[in-house]
Amino acid sequence: MTKTAQDIIIRPIITEASMGAQAFKKYTFQVAKDANKIEIAKACEELFGVKVAKVNTMNVKGQLRRQGRFQGYRPDWKKAIVTLKEDSKGIEFFESMA
């Protein structure tokens, strides 16, 4: 079964640190746990029409949550920081947030 770009890139990560990284053409996304760097780069190029220079990925452990005496963990997820090439245009979604 082939994955589409929408299956690979789940949502953008909007934090103070990720907004500051936009100045260096770095954008942060939550991605599918089984996606590799090549798939993430192709999905970004297809969805946003940009040129990707490199992709850094990290697995994020789910946080502990408690409800009274019951506790459990949020699901683990994967984060990708996509760096664009110098001659590439920015991603409009993030530019409108700043």
Side-chain angles (χ1 to χ4, degrees):
M1 184 176 90
T2 179
K3 293 181 278 193
T4 64
Q6 289 82 2
D7 294 333
I8 294 171
I9 295 182
I10 298 170
R11 68 182 181 97
I13 306 294
I14 309 296
T15 62
E16 193 172 341
S18 69
M19 291 289 116
Q22 280 184 32
F24 306 106
K25 293 201 171 197
K26 293 184 179 187
Y27 299 93
T28 309
F29 298 97
Q30 179 181 350
V31 296
K33 282 184 72 171
D34 60 343
N36 61 37
K37 293 181 181 188
I38 297 166
E39 291 172 336
I40 294 167
K42 287 182 181 174
C44 276
E45 289 174 351
E46 182 183 326
L47 283 177
F48 304 111
V50 295
K51 297 176 187 172
V52 175
K54 69 176 185 174
V55 177
N56 295 355
T57 61
M58 58 207 77
N59 290 309
V60 181
K61 188 170 171 9
Q63 292 182 328
L64 177 68
R65 291 289 180 217
R66 291 180 46 134
Q67 289 284 321
R69 63 188 177 132
F70 303 103
Q71 68 182 22
Y73 285 90
R74 304 278 315 266
D76 298 343
W77 54 285
K78 191 173 199 177
K79 177 164 73 171
I81 299 174
V82 178
T83 305
L84 303 183
K85 292 185 179 175
E86 288 298 320
D87 60 343
S88 176
K89 65 180 179 67
I91 297 176
E92 289 87 15
F93 174 81
F94 284 96
E95 306 301 328
S96 63
M97 301 290 288

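Side chains are part of it too, since the values below use all heavy atoms of this structure and drop only hydrogens, waters and symmetry mates.
Partner of Glu39 under the salt bridge (charged side-chain N to carboxylate O under 4.0 Å, His left out) criterion, out of Lys78, Lys33, Lys3: Lys3 alone.
Under the 3.5 Å distance criterion, with hydrogens and angles disregarded, no donor-acceptor pair is assigned to the side chains of Gln67 and Arg65. Using modelled atom types and a 3.5 Å distance limit, the side chains of Gln63 and Arg74 yield no donor-acceptor pair.
Nearest heavy-atom pair, Phe29 versus Ile91, reported as atom, atom and distance to 0.1 Å: CZ-CD1, 3.9 Å. Heavy-atom minimum distance, Tyr27 versus Gln22: CE2-CG, 3.8 Å. Closest of all the heavy-atom pairs between Val50 and Cys44 is CG2-O, 3.9 Å. Thr57 and Val55 get closest at one heavy-atom pair: CG2-CG1, 4.0 Å.
The distance from the OG1 atom of Thr28 to the CZ atom of Arg11 is 11.0 Å, given to the nearest 0.5 Å.
Using modelled atom types, one side-chain atom of Glu45 and one backbone atom of Val52 make a donor-acceptor pair closer than 3.5 Å. Judged by distance alone, with hydrogens and angles left aside, the side-chain atoms of Lys25 form a donor-acceptor pair with the main-chain N or O of Glu86 at under 3.5 Å. At least one donor-acceptor pair closer than 3.5 Å links the side chain of Ser18 to the backbone N or O of Ile13.
Criterion: ILVMFWY side-chain heavy atoms under 4.5 Å apart, direct or through other members. Under it, Val31 and Ile81 are not part of a common hydrophobic cluster.
Scored by the side-chain contact (heavy atoms from CB on, under 4.5 Å) test, Ala32 finds Asp34, Ala35 as partners (sequence neighbours excluded). Partners of Tyr73 under the side-chain contact (heavy atoms from CB on, under 4.5 Å) rule, at least two apart in sequence or in another chain, are Lys61, Leu64.
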